[in-house]
Amino acid sequence: MSVITQKQLTAEIVQTWLVARLATVLDIPAAEIDIDAPFDRYGLDSLAAITLTGGLEEWLDQELPVTLAWDYPNIALLSQYLVELAA
């Protein structure tokens, strides 16, 4: 997966990436993921959260806190935070 530039980053792009990654990590259909639902609704455990954060770090080429999924507990909030961080 290629690194995205900060100028290209929008909430929609991040949401799409997060839905796809969460679906893969948790082995559930992407269509079942609600961006406003808390991550724990999908059974996101510590290992899956760290895996998700690691993928984001690689994709965005930026170090992120390991508590990211707990600090921003759904896709909508996390997407907004990442866009603001990149600005």
Side-chain angles (χ1 to χ4, degrees):
M1 199 171 292
S2 64
V3 173
I4 191 163
T5 66
Q6 292 178 343
K7 283 180 130 179
Q8 298 170 318
L9 199 62
T10 66
E12 293 79 21
I13 289 172
V14 177
Q15 288 169 5
T16 299
W17 188 94
L18 284 167
V19 166
R21 183 55 71 105
L22 193 60
T24 299
V25 168
L26 299 176
D27 194 28
I28 60 174
E32 291 182 13
I33 297 175
D34 176 357
I35 65 167
D36 295 309
F39 289 125
D40 61 5
R41 173 179 171 187
Y42 301 105
L44 189 76
D45 61 15
S46 298
L47 181 58
I50 290 169
T51 301
L52 187 66
T53 300
L56 278 168
E57 287 180 326
E58 193 174 305
W59 181 54
L60 298 172
D61 193 29
Q62 181 168 356
E63 190 172 326
L64 299 167
V66 294
T67 59
L68 200 61
W70 289 274
D71 296 337
Y72 304 93
N74 66 40
I75 290 173
L77 292 172
L78 180 53
S79 298
Q80 188 60 42
Y81 165 75
L82 292 171
V83 169
E84 290 171 7
L85 184 66

Roughly how far apart are I75 CD1 and Q80 CD, rounded to 0.5 Å? 14.0 Å
dist D34:CG -> N74:CG (nearest 0.5 Å) comes out at 8.0 Å
Can you tell me how far apart OH (Y72) and OG (S79) are? Round to the nearest 0.5 Å. 12.5 Å
Under 4.5 Å between side-chain heavy atoms, hopping through other hydrophobics if needed: is there a path connecting V25 to I50? no
Residue pair E57 / L64: nearest heavy atoms and the distance that separates them: OE2-N, 2.7 Å
List the atom of L44, the atom of A48, and the distance in Å for their closest heavy-atom pair. CD1-CB, 3.4 Å
Is the shortest side-chain heavy-atom distance between S46 and W70 below 4.5 Å? yes
Closest heavy-atom pair, L9 versus A86, reported as atoms and distance to 0.1 Å, is CD2-CB, 3.5 Å
Just wondering, do W59 and V14 contact through their side chains at under 4.5 Å, heavy atoms? yes
Which value, rounded to the nearest 0.5 Å, describes the distance between D36 atom CG and L77 atom CG? 8.0 Å
Can you find a heavy atom in the side chain of L18 that is under 4.5 Å from one in the side chain of L52? yes
Do the side chain of Y42 and the main chain of A23 share a donor and acceptor less than 3.5 angstrom apart? no
V83 and I13: same hydrophobic cluster, using ILVMFWY side-chain contacts below 4.5 Å? yes
With a 4.5 Å limit on heavy-atom distance, are the side chains of L26 and I33 in contact? no
Candidate pair L78 and F39, rule side chain to side chain contact (heavy atoms under 4.5 Å, CB included), full reasoning: CA-CA 10 Å; L78 180 53; F39 289 125; 4.0 Å; yes
What's the shortest heavy-atom distance between Q15 and A76, and which atoms? NE2-CA, 4.2 Å
Before giving the answer on side chain to side chain contact (heavy atoms under 4.5 Å, CB included), spell out for L60 and L85 the whole-Å C-alpha distance, their side-chain angles and the decisive distance to 0.1 Å. CA-CA 11 Å; L60 298 172; L85 184 66; over 6 Å; no
Closest heavy-atom pair and its distance - G55, R21: CA-NH1, 3.6 Å
